[in-house]
Structures are given as structure tokens and as C-alpha cells.
2 protein chains.
Amino acid sequence: MASDSVRSRILAAGQRITPQRDLVAEVLEQADRPLSAQELLAAVEARDRRIGRATVFRTLQSLQEAGIVQQVPRPGGQGGYLLCATSGHHHHLVCQRCGRVEDLPEEEVAAFVGAVARDHGFAVDHASFELSGTCAACR
Amino acid sequence: MASDSVRSRILAAGQRITPQRDLVAEVLEQADRPLSAQELLAAVEARDRRIGRATVFRTLQSLQEAGIVQQVPRPGGQGGYLLCATSGHHHHLVCQRCGRVEDLPEEEVAAFVGAVARDHGFAVDHASFELSGTCAACR
DNA sequence: CTCTTTTCTGAGACCAGGTATCATCTCGTT
DNA sequence: AACGAGATGATACCTGGTCTCAGAAAAGAG
């Protein structure tokens with residue numbers, strides 16, 4: 001079963017809690033790094049062989065809309081699905097060594113985004129900032 | 001035929017110039033916004049029906065390695081392939097209205113990336129910064 | 001210009017990731 | 001317990017992309 005905080009975030013987004021959603025959330029919660037579609041499907045199917053492909057992807061989409069899950073693209077490597085502790089919009093520092101992801105709160109980039117936007121006369125809807133490298137622990 | 005500057009960048013990367021590469025580069029050069037895989041395949045096949053799928057993707061990969069083409073991911077929408085005027089590493093401001101992409105040189109983000117990395121004890125290999133919104137012209 | 005080496009190409013099978021459809025089932029409420 | 005919106009699973013299908021391999025064709029050497 002997924003943690004209470006995740007379950008309440010699902011409810012807060014106006015979505016039902018079903019065994020399938022709970023399972024997907026739990027699998028992501030227990031992983032400490034982004035999971036690819038394949039890894040996720042495998043992990044979920046290992047626990048409930050009857051779960052449908054479409055359901056898993058639909059669930060991922062709902063969880064993304066609820067801001068619980070993010071899809072992290074990675075230049076070169078394959079991205080994945082990540083259950084984020086931080087609930088608002090935020091950014092990521094991805095360690096290429098251990099795979100762990102550190103959240104970078106929006107506040108830490110807001111001023112910079114604003115400055116760039118001003119300089120270019122650009123009205124920003126969405127900013128995405130991703131760093132990949134080696135985390136403090138792995139160095 | 002693609003522009004001389006693009007052709008010389010292909011050569012500089014130690015790659016041969018073939019009619020197929022030239023064609024892919026030309027199609028991208030003539031588009032002023034990122035093209036999806038489908039659009040690109042269609043545009044390329046419209047000019048040379050005999051060109052192979054694999055060749056187009058291989059070419060895209062070579063051009064990416066040569067820093068001539070970038071693959072821009074887009075949150076929500078589908079990303080695409082973009083021929084970049086700027087040759088070094090850089091970032092993008094993508095207009096959701098007209099689709100045009102403005103380059104943001106690495107220098108404009110380097111200091112910020114450095115500061116974030118320092119604060120988090122993170123050694124940065126690669127930084128990706130993408131803004132989407134509305135460009136000055138469309139506003 | 002022709003030879004040689006190296007690289008590239010095209011066809012087609014294959015794979016990953018994801019969407020569409022639709023009949024059936026179940027959650028949360030009354 | 002009954003109901004209706006919403007979720008599910010099976011399956012077919014789609015996009016984007018990779019792999020293989022025999023044959024073709026660049027670019028440099030003679």
C-alpha cells in the first residue's frame with residue numbers, strides 16, 4: 001500500500017483510489033530513482049499479473065496530472081517516471097552514478113528564469129531545468 | 001542543397017557528405033521550427049521516395065553528435081528535431097504560439113548552473129534549460 | 001581515371017512506449 | 001443495497017526508433 005501522504009494527494013486531485021493506482025504509486029514510492037516504462041510495467045505485473053498495460057499508463061498520466069509523478073527526460077540516456085516528494089513545480093539534479101534524483105525547488109530558479117525572460121521579451125509559461133552529473137554522496 | 005556552413009560543419013565532424021545527409025540537413029534548415037519524426041520523414045520522403053527510414057534516423061543521430069541538430073523535448077507536446085544556428089551547447093526558448101525557437105547561449109546560464117551546483121555539492125556534466133511561452137513577436 | 005578502403009545505405013524485421021476502443025466491473029455515494 | 005460515474009483489462013493499433021546485413025558509393029591513393 002502506498003503511503004498515506006500519496007493517497008491523500010490522489011484524493012486531493014479528485015481521483016479515486018483503486019488497487020491499481022495504489023500499486024503503481026507504491027512501486028514508484030519504493031524506487032529511489034526514476035523507473036522506465038518497462039521497469040515499471042515489470043514491477044507492477046510482478047505484483048499483480050492481471051493488471052492491464054493501458055491501466056498502468058492511464059494511472060501514470062493521472063498521477064502526473066495530480067503532480068505526484070513526473071516524467072524526467074534525459075539527454076542521451078533513457079528517462080523515466082519519478083514519484084516526487086516535492087509537490088509543486090520543481091526541477092531535478094540527476095546523479096548519473098547512483099541514479100538518485102534531488103529536487104530543486106522552483107524558488108531557486110524563479111529569479112533566474114525571470115531575468116532571462118525579461119532580457120528576451122519572452123513570456124514564460126513553463127520552465128524546465130535539469131542538471132545531470134554526480135551527487136555529493138557519490139563524489 | 002544544404003547551406004555551405006552546415007556542410008562544412010558535417011565535414012568538420014569527420015563525416016561524409018552524402019545526398020541523404022544533405023537532404024535531411026536541408027529539410028531541417030528550411031523549417032523554422034522543430035520537426036517531429038513524422039514531419040521530417042514525410043518531408044524527406046516527399047523529395048526522395050527511395051530514402052530509407054533507418055538512414056534518416058541514423059543521419060539525425062550523426063547530426064546530433066556533430067552538434068548540428070538538437071532534439072528538443074517538450075513538456076506535454078511532442079518534441080522535435082531542430083537544426084541549431086548556434087554551434088556550441090546552448091538552450092532554448094520555445095514559442096508555443098508560432099513554434100519558433102530562440103537560442104540561449106550557454107554563457108547566459110553558466111553562472112547560474114555553477115551557483116546551483118555549488119549549493120548542492122553537485123558536479124554538473126550536463127545542464128538543460130528549456131523555456132516555453134510566448135515570444136516577443138507574438139505578444 | 002580507377003582502385004581500394006571505409007563508410008553509408010535501403011529493406012525489412014523487430015522493439016519500446018504509448019493510445020484507442022469498448023464491454024465489463026467497481027468505487028464512493030445515497 | 002442500489003446506482004451511476006468513472007476505472008479497468010483485452011486487444012488492436014500507432015509512432016518513433018533500433019538492428020542486421022548485403023550491396024552501393026564516398027574520398028583518398030596511385
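In what follows, every chain begins at residue 1, and chains take the letters A, B, ... in the order their sequences are listed. Just so it is clear, the structure is predicted and the values come from calculations on it, not from any experiment.
Distance CD (A/Glu45) to C1' (D/dA10): 13 Å, rounded to an integer number of Å. Here C/dT19 presents its C1' atom at 14 Å from CG of A/Leu60, a figure rounded to the nearest Å. Following rounding to the nearest Å, A/Gln38 (CD) and C/dC15 (C1') show an atom-to-atom distance of 9 Å. Nucleotide C/dG17 holds its P atom 16 Å from the CD atom of A/Gln61, rounded to whole Å. In this structure, CG of B/Leu40 is placed 11 Å from P of D/dG16, rounded to the nearest angstrom. Atom CG in A/Leu63 sits about 14 Å away from atom P in C/dG18, given to the nearest Å. What separates CZ of B/Arg16 from P of D/dA26 is a distance of 9 Å, to the nearest Å. Nucleotide C/dG17 holds its C1' atom 5 Å from the CZ atom of A/Phe57, rounded to whole Å.
Under 4.0 Å is where a charged nitrogen must lie from a carboxylate oxygen, and between B/Arg50 and B/Glu45 no such pair does. Note on B/Glu39 versus B/Arg33: salt bridge recorded, some NZ/NE/NH1/NH2 to OD/OE distance being below 4.0 Å.
Within the nucleic acid shown, A/Glu39 has no heavy atom closer than 4.0 Å to any nucleic acid atom. Using a 4.0 Å heavy-atom distance criterion, B/Leu41 is classed as making no nucleic acid contact. Among the protein residues, A/Arg21 comes within range of the sugar-phosphate backbone only, with heavy atoms under 4.0 Å from sugar or phosphate atoms but none that close to a base. Within the 4.0 angstrom heavy-atom criterion, only backbone atoms of the sugar-phosphate kind lie near A/Arg50; the bases stay farther away.
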A/Thr59/A/Gln20 under side chain to side chain donor-acceptor pair (under 3.5 Å): CA gap, chis, key distance, verdict:
CA-CA 8 Å; A/Thr59 299; A/Gln20 294 84 348; over 6 Å; no
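Residues A/Arg7 and A/Ala2 share a closest heavy-atom pair of CD-O, 3.4 Å.
Nearest-nucleotide positions on DNA chain C place A/Ala37 closer to the 5' end than the other of A/Ala37 and A/Arg58. Where B/Ala54 and B/Leu11 each meet DNA chain D at their nearest nucleotide, the meeting point lying more 5' is that of B/Ala54.
Contact between the side-chain N/O atoms of B/Thr18 and the OP1/OP2 oxygens of C/dC8 is not found at any separation under 4.0 Å. Taking only side-chain nitrogens and oxygens, B/Gln64 never comes nearer than 4.0 Å to OP1 or OP2 of D/dG17. Side-chain N/O atoms of B/Gln20 include none lying less than 4.0 angstrom from OP1 or OP2 on C/dT7.
Remark: the B/Arg53 side chain and the C/dG12 base include no donor-acceptor N/O pair separated by less than 3.5 Å.
If you look at B/Phe112 and A/Phe129, their ring centroids are closer than 6.0 Å.
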